[in-house]
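Single-structure report; data block below.
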Amino acid sequence: MTITDFAGLGLPKELVSSLAKAGFDTPTPIQGKAIPAQLQGRDILGIAQTGSGKTAAFGLPIIAGIFALEGAPAPKSCRALILAPTRELAVQIEEMMRTYATYRRLTTALVLGGVSRQAQVQKLARGVDVLIATPGRLMDLLDDRKVRLDQTRWLVLDEADRMLDMGFIQPVRKIAAAIGPKRQTALFSATMAPEIGKLAASLLNDPVKVEANIQGETVGKIDQQVILSGSKQKRDKLNELLADDSLNRVVVFSRTKHGADKVAKNLGIDGHTVAAIHGNKSQNARQSALRGFRDGRVRILVATDIVARGIDVPEITHVINYELPDDPENYVHRIGRTGRNGASGVAITLVDGTERSKLRDVERLIRRTLPVTGTLPAGSENAEQRGAPARRGRPGNAGGRPANAGGRPGNGGQRAGEGRGRNQSRPPQSGTDKGWWAKLDSEVGKEDGGRGEGKPSKGPKQRWNKRKKEGAQAARAGGGGRPQRRNTSAA
Ligand code: AMP
């Protein structure tokens with residue numbers, strides 16, 4: 001049986017009404033599966049990313065459960081704890097939870113780094129229904145006994161894979177241990193890497209597995225194109241693409257923080273409205289970049305992978321990969337910034353001679369050969385390419401601009417899904433947009449100048465030093481070898 005409305009999932013009336021007000025009529029596939037299971041008290045292991053509707057999938061059953069409770073939360077405690085890897089995602093989640101509970105009182109608090117600790121402590125003092133937190137700051141408050149988790153009944157780990165990437169595994173385990181075993185737990189991750197499997201096995205009790213097939217669904221709707229370009233020609237190529245006004249709201253992805261700054265600087269010099277967002281930027285700078293982009297004052301947001309992944313900015317018309325990511329899965333996350341909520345989108349990837357094997361990895365992952373146009377300058381073919389097998393079924397003209405490189409989403413010849421006009425496919429107004437920025441504004445800048453979160457206890461530098469030490473030990477023991485640096489500059 002397919003359930004086509006929220007009432008059919010067993011949610012209380014007040015929740016269904018607030019969802020209708022927010023423009024949510026039909027549950028997304030992951031909501032259809034996860035909500036009834038959680039209402040029955042089951043743990044959830046969800047493979048889903050931003051765009052699948054995962055926040056409502058874990059949030060609605062929690063709110064329904066809280067509505068059914070009597071009394072008030074105990075001082076310093078929370079009934080539900082949602083852990084998120086970044087401040088931006090945490091703010092978004094809180095805003096969504098409040099939207100879902102429009103017609104009944106639900107108390108929420110945010111605990112995140114980079115903003116006033118005192119205000120958070122004060123808010124927690126009376127106890128709250130739902131606490132949304134990033135792990136680093138929450139650990140600080142736990143250590144200082146400003147918060148207690150022994151009364152918490154629901155735990156959500158959102159974007160667990162990213163929390164692990166950011167070195168939050170120990171805090172996450174400690175926080176789960178502080179809650180104790182009498183809890184209902186939901187773990188959401190965009191990927192199912194072995195470490196996630198291990199974490200899930202240790203924290204979840206006989207979970208129901210739900211998966212939003214984002215790779216098949218979302219990627220299928222995005223018009224994906226590859227343009228070959230020498231690395232030195234990428235700046236011109238990007239300007240050529242941006243000359244088309246239909247590239248209305250564009251995210252340009254760069255592999256490294258340094259690269260993102262450089263691309264943003266050049267775009268500024270070339271006359272574009274642009275902002276950059278990455279892990280080296282202060283919280284204030286990240287916030288103002290996102291706000292300008294969301295408001296439409298800034299046409300182009302240059303981003304690295306980690307920071308941009310959970311951000312829900314509607315109506316991004318184009319994603320441009322200035323460079324391919326090291327990890328092909330990040331390609332899927334990147335292009336998923338466009339084509340949201342049934343809208344269409346275009347993803348264009350500039351590929352130079354050194355990136356051919358990365359392109360093949362991406363194509364293997366998404367199980368399709370991407371249409372390629374453009375040429376590499378003579379002499380830029382490297383050794384790696386000479387050994388590369390010929391590409392199969394390359395459509396389009398070999399040189400020059402792709403047929404629809406800057407084309408409006410919806411009219412693309414290479415589209416895998418059905419052609420849908422841009423205006424017909426505008427995402428529904430969720431009602432979550434308005435307060436988002438006001439919230440972040442009011443939270444940010446009160447204290448430590450935007451530092452704090454995003455500085456996990458064991459950051460990339462520490463991990464690098466650890467690997468270096470291990471490498472030196474191995475070398476002393478006769479193993480030799482330099483430790484492998486794992487993409488530490490991305491984000
Ligand atoms: P999420 O994957 O939770 O980040 O949600 C992505 C976007 O989809 C957010 O803007 C939500 O407000 C929106 N959304 C989630 N569920 C639904 C739904 N059932 N109908 C319409 N929009 C939704």
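Count residues from 1 along the sequence. Note that ligands are numbered from 1 as they come in the structure, with each ligand's atoms numbered from 1 the same way. Computation of the quantities below employed the complete heavy-atom set of this structure, encompassing side-chain atoms and omitting hydrogens, waters and symmetry-equivalent molecules.
- When heavy-atom distances to ligand 1 are checked against a 4.0 Å cut-off, Thr26 comes that close only through its backbone atoms N, CA, C and O.
- The heavy atom nearest to atom 5 (O) of ligand 1, out of those in Gly53, Ala56, Gly59, is found in Gly53.
- The shortest N/O to N/O separation between Phe24 and ligand 1 does not fall below 3.5 Å.
- At least one test fails for Arg255 against the ring of Tyr322: distance under 6.0 Å to the centre or angle within 45° of the axis.
- Here the CG-CE distance, from Leu106 to Met97, works out to 6.5 Å after rounding to the nearest 0.5 Å.
- Enclosure of atom CZ in Arg42 by more than 12 non-hydrogen atoms of other residues, nucleotides or ligands within 6.0 angstrom is indicated.
- Contact atoms of ligand 1 toward Thr55: 1 (P), 3 (O), 4 (O) (distance under 4.0 Å to a heavy atom of the residue).
- Under 4.0 Å from ligand 1, not a single heavy atom of Tyr100 appears.
- When each of Thr349, Asp327, Asp326 is paired with Lys358, the side chain to side chain donor-acceptor pair (under 3.5 Å) condition holds for Asp326 and for no other.
- Considering backbone and side-chain atoms together, Gln31 places an N or O closer than 3.5 Å to an N or O of ligand 1.
- The proximity of Met96 to ligand 1, defined as any non-hydrogen pair under 4.0 Å, is limited to the side chain.
- No donor-acceptor pair closer than 3.5 Å links the side chain of Ser52 to the backbone N or O of Ala48.
- Screening Ile63, Ile66, Val130, Thr185 against Trp154 for a side-chain contact (heavy atoms from CB on, under 4.5 Å) leaves a single residue, Ile66.
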